Number of protein chains: 2
Amino acid sequence: MTDSPKNDVSVAADEKKIPKAVIKRLSLYSRMLQELEHKNITKISSKELSDLLGMNPAKVRKDLAYFGQFGVPGLGYYVSELKAQIKRILRTDREIRVALIGVGHLGQALLAYGGFLRQSFRVVAAFDTSPDKIGRTFNGVKVMSTEHLEDQIRTLGADIVVLAIPAENAQATVDQVVRAGIRAILNFVPARIVCPEAIKVHYVDLGIELESLSYYLKD
Amino acid sequence: MTDSPKNDVSVAADEKKIPKAVIKRLSLYSRMLQELEHKNITKISSKELSDLLGMNPAKVRKDLAYFGQFGVPGLGYYVSELKAQIKRILRTDREIRVALIGVGHLGQALLAYGGFLRQSFRVVAAFDTSPDKIGRTFNGVKVMSTEHLEDQIRTLGADIVVLAIPAENAQATVDQVVRAGIRAILNFVPARIVCPEAIKVHYVDLGIELESLSYYLKD
DNA sequence: TCTATCTTGTGACAAAATTCACATACTAAT
DNA sequence: ATTAGTATGTGAATTTTGTCACAAGATAGA
Ligand SMILES: NC(=O)c1ccc[n+]([C@@H]2O[C@H](COP(=O)([O-])OP(=O)(O)OC[C@H]3O[C@@H](n4cnc5c(N)ncnc54)[C@H](O)[C@@H]3O)[C@@H](O)[C@H]2O)c1
Ligand SMILES: NC(=O)c1ccc[n+]([C@@H]2O[C@H](COP(=O)([O-])OP(=O)(O)OC[C@H]3O[C@@H](n4cnc5c(N)ncnc54)[C@H](O)[C@@H]3O)[C@@H](O)[C@H]2O)c1
């Protein structure tokens, strides 16, 4: 760690395989650092950061160690610098183009969500099959027909698709956006989605979260 | 496994500590079994079930083994019976009383969500601070003021609170529902919540899911 | 009844994630 | 400068989670 090759912090770590959970925590750190920066806090230790997030300090350090050395012994981390590094790692230092498919109850909530557009994310399109929705504008985003979905996704250069449609239509729509070359999907539909390995799918499953809470109600 | 004491299937397994992930998967199995039952499929093997869910068959068996022996060697599992057993384990064989706090964009989507009321879950109350919301009815649920939140939660016998309010109000509201004796919280607010160990909190963090997807967009 | 064929349930193994604990390195203050 | 104090980064230990592989139990057909 004095002058070994992997001391080169500017290189994204393709070297090892990074656990999925580490990436999620990086995102968590990023948000907390944002808050700290906003409060004009300039430096923070792994201990303090982990206390704020309710976790273990060594885990924070280990997580960061996957990508380089960002801290200063005896001091901790500089908030702004660490935030910038994490954003670079997560690639949220650029604009991420999001397409929403399904502008029903959930889709509308998502469009209304300030944090959705927050910082790097930009909703470049919203699609729906219903004539009731097509042409309407929600929070500045105009709803389009799914007729030319595949072409539109391609043309708009969407990076991520957010899926909020009924379960029975999910797989067909996934097939379309996969053909359109999308590489990441945030799926709110409570159904398994089959697609090529290379495409990253994150499931958000409200039903599971709620139902599994029930288990812990036992006295 | 012939006549050991733990062969008693009717006892909920307090014996070992059950991993959180196991409980979530149980809920996943439950939903899939529901679908299978609906399609009049009467039996299924761990292999078939795991294929449907995109996972490993041994994991299915191990998960179930925490709670007893539900299968028939050479045959598999009887769908209805297994479903009933899992629901018993998850305690979704009774009514679960849910209180929603925060009837904004997200809260309204949740109220509209059929799957929310699905089966065992019943929304017994919705609360909001805004006069614009109080008194209005969404999907059959009337919005109440938070003025007597603590008493109401107690009186209504809510089991689970779903939190969908702005981050800055989250902790104060949590403190209230904790005092009211709630034991489980489904938290949509992107902020850490501090409460007694005994209370189970599940976080659903859309921001993290979206942001962490960004990482995988690297070519 | 016997046999061939399944599939379970689980002990043993492997992998992954988390936590510990400390040598090392920097700060800050005298 | 020197020193006392502090926090990093990381091997090693531990805990947790997932997979393998197979003996044993059950089916189904002859
Ligand atoms: N509402 C919630 O709180 C909630 C929570 C968790 C999960 N979900 C899931 O999210 C999905 C959407 O839920 P919702 O409550 O918004 O439903 P919804 O019925 O309100 O909205 C679905 C929308 O999708 C549109 N649609 C249908 N097929 C489409 C297609 N092929 N392409 C584009 N648009 C299409 C419909 O016209 C409708 O506007 C469902 O799968 C649901 O299970 C919803
Ligand atoms: N909308 C989304 O898609 C979405 C997605 C993920 C997370 N979230 C999070 O969910 C929360 C709610 O989001 P939203 O978009 O519905 O916001 P919103 O502003 O539309 O709704 C918030 C509602 O909470 C009410 N409220 C405020 N303080 C309250 C209190 N102390 N008790 C009861 N009610 C109170 C407000 O009157 C309002 O009706 C936020 O923390 C947000 O970050 C929203």
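The chains referred to below are lettered A, B, ... by the order of the sequence lines, with proteins before strands, and numbering in each begins at 1. Since the model is a prediction, treat every value here as computed from it, not as a measurement.
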K.L.:
Starting at atom CZ of A:Phe70, determine the distance to atom P of D:dG9, rounded to an integer number of angstrom.
P.N.:
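From A:Phe70 CZ to D:dG9 P: 9 Å.
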K.L.:
Of all the nucleotides listed (D:dT10, C:dT8, C:dT19), which has the minimum atom distance to the side chain of A:Asn56?
P.N.:
C:dT19
K.L.:
Which pairs would a plain distance check flag for residues 180-205 of chain B, meaning a side-chain donor or acceptor within less than 3.5 Å of a matching protein atom at least two apart in sequence or in another chain?
P.N.:
unit_1, atom_1, unit_2, atom_2, d
B:Arg183, NH1, A:Leu217, O, 2.6
B:Arg183, NH1, A:Asp219, OD1, 2.5
B:Asn187, OD1, B:Val189, N, 2.9
B:Asn187, ND2, B:Val189, O, 3.1
B:Arg192, NE, A:Leu52, O, 3.0
B:Arg192, NH2, A:Asp51, O, 3.1
B:His202, ND1, A:Glu209, O, 3.3
B:His202, ND1, A:Glu209, OE1, 3.1
B:Tyr203, OH, B:Ile193, N, 3.0
B:Tyr203, OH, B:Ile193, O, 3.4
B:Asp205, OD1, A:Arg31, NH1, 3.1
B:Asp205, OD1, B:Gly207, N, 3.2
B:Asp205, OD1, B:Ile208, N, 3.2
B:Asp205, OD2, A:Arg31, NH1, 3.3
B:Asp205, OD2, A:Arg31, NH2, 2.3

K.L.:
Could you tell me how far apart A:Leu64 (CG) and D:dT8 (P) are, to the nearest whole angstrom?
P.N.:
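In whole Å, D:dT8 P lies 9 Å from A:Leu64 CG.
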K.L.:
Atom CG of B:Leu75 to atom C1' of D:dA26: distance rounded to whole Å?
P.N.:
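So the CG-C1' distance, B:Leu75 to D:dA26, works out to 8 Å.
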K.L.:
CZ of A:Arg25 versus P of C:dA17: gap in Å, rounded?
P.N.:
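Rounded to the whole Å, the gap is 9 Å.
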K.L.:
Between atom NZ in A:Lys17 and atom P in C:dA15, what is the gap in whole Å?
P.N.:
12 Å
K.L.:
Hey, are B:Glu37 and B:Ser80 close enough side-chain-wise for a donor-acceptor pair under 3.5 Å?
P.N.:
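There is such a pair between these side chains.
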K.L.:
Is the NZ or CZ atom of B:Lys62 both under 6.0 Å from the centre of the six-membered ring of B:Tyr66 and within 45° of that ring's axis?
P.N.:
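No, cation not above the ring by the 6.0 Å, 45° rule.
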K.L.:
Counting heavy atoms from C-beta on, name the nucleotide in C:dT19, C:dG9, C:dC26 closest to the side chain of A:Val72.
P.N.:
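Nearest to the side-chain atoms of A:Val72, counting from C-beta on, is C:dC26.
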K.L.:
Does A:Lys43 form a side chain to side chain contact (heavy atoms under 4.5 Å, CB included) with A:Leu75? I'd like the steps, not just the answer.
P.N.:
CA-CA 8 Å; A:Lys43 50 200 172 64; A:Leu75 191 150; 3.6 Å; yes
K.L.:
Let's test your reading of the model: under 3.5 Å, does the base of C:dT19 pair with the side chain of A:Lys62 as donor and acceptor?
P.N.:
yes
K.L.:
Which residue, A:Lys20 or A:Arg61, contacts DNA chain C at a nucleotide closer to its 5' end, judged by nearest heavy atom?
P.N.:
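Its nearest nucleotide being more 5', the pick is A:Lys20.
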K.L.:
Decide whether A:Asn139 and A:Tyr113 meet the rule of one side-chain donor and one side-chain acceptor closer than 3.5 Å.
P.N.:
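The answer is no; no qualifying pair exists.
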K.L.:
Is the shortest side-chain N/O distance from A:Ser46 to OP1 or OP2 of D:dA7 below 4.0 Å?
P.N.:
no
K.L.:
In terms of side-chain geometry, is the basic nitrogen of A:Asp159 or A:Arg97 positioned less than 4.0 Å from the acidic oxygen of its partner?
P.N.:
no
K.L.:
Send over the distance from B:Ile44 CD1 to C:dT8 C1', rounded to a whole Å.
P.N.:
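Spelled out: CD1 on B:Ile44 to C1' on C:dT8 is 15 Å.
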K.L.:
Without placing hydrogens or testing angles, list every side-chain donor-acceptor pair under 3.5 Å for residues 101-109 of chain B, not counting sequence neighbours.
P.N.:
unit_1, atom_1, unit_2, atom_2, d
B:Gln108, NE2, B:Val103, O, 3.1

K.L.:
Which nucleotide in the set C:dC26, C:dG9, D:dA26 lies at the smallest distance from any side-chain heavy atom of B:Pro73?
P.N.:
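Among the listed nucleotides, the one closest to the side chain of B:Pro73 is D:dA26.
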K.L.:
Quick check: does any side chain N or O of A:Ser120 sit under 3.5 Å from a backbone N or O of A:Thr92, one acting as donor and the other as acceptor?
P.N.:
yes
K.L.:
Can you tell me if B:Tyr77 touches the phosphate of C:dG9, counting only side-chain N or O atoms and a distance under 4.0 Å to OP1 or OP2?
P.N.:
yes
K.L.:
Without decimals, in angstroms, what is the distance between A:Phe67 CZ and D:dT10 P?
P.N.:
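Distance check: A:Phe67 CZ to D:dT10 P gives 14 Å.
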K.L.:
Describe, as an angle rounded to 10 degrees, how the axis at the first end of the helix from C:dT1-D:dA30 to C:dT30-D:dA1 is tilted relative to the axis at the last end, five pairs per end.
P.N.:
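What I find for the helix from C:dT1-D:dA30 to C:dT30-D:dA1 is an axis angle of 20°.
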K.L.:
Quickly work out the B:Lys43 NZ to C:dT8 C1' distance and round it to whole Å.
P.N.:
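B:Lys43 atom NZ is separated from C:dT8 atom C1' by 15 Å.
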K.L.:
If you assign A:Tyr78 and B:Glu48 each to the DNA chain C nucleotide with the nearest heavy atom, which residue ends up on the more 5' nucleotide?
P.N.:
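It is B:Glu48, whose closest nucleotide lies nearer the 5' terminus.
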K.L.:
Quick one: is A:Gln69 getting a side-chain N or O under 4.0 Å of the D:dT10 phosphate, OP1 or OP2?
P.N.:
yes
K.L.:
From the list C:dC26, C:dT8, D:dA7, which nucleotide is the closest neighbour of the side chain of B:Ser45?
P.N.:
C:dT8
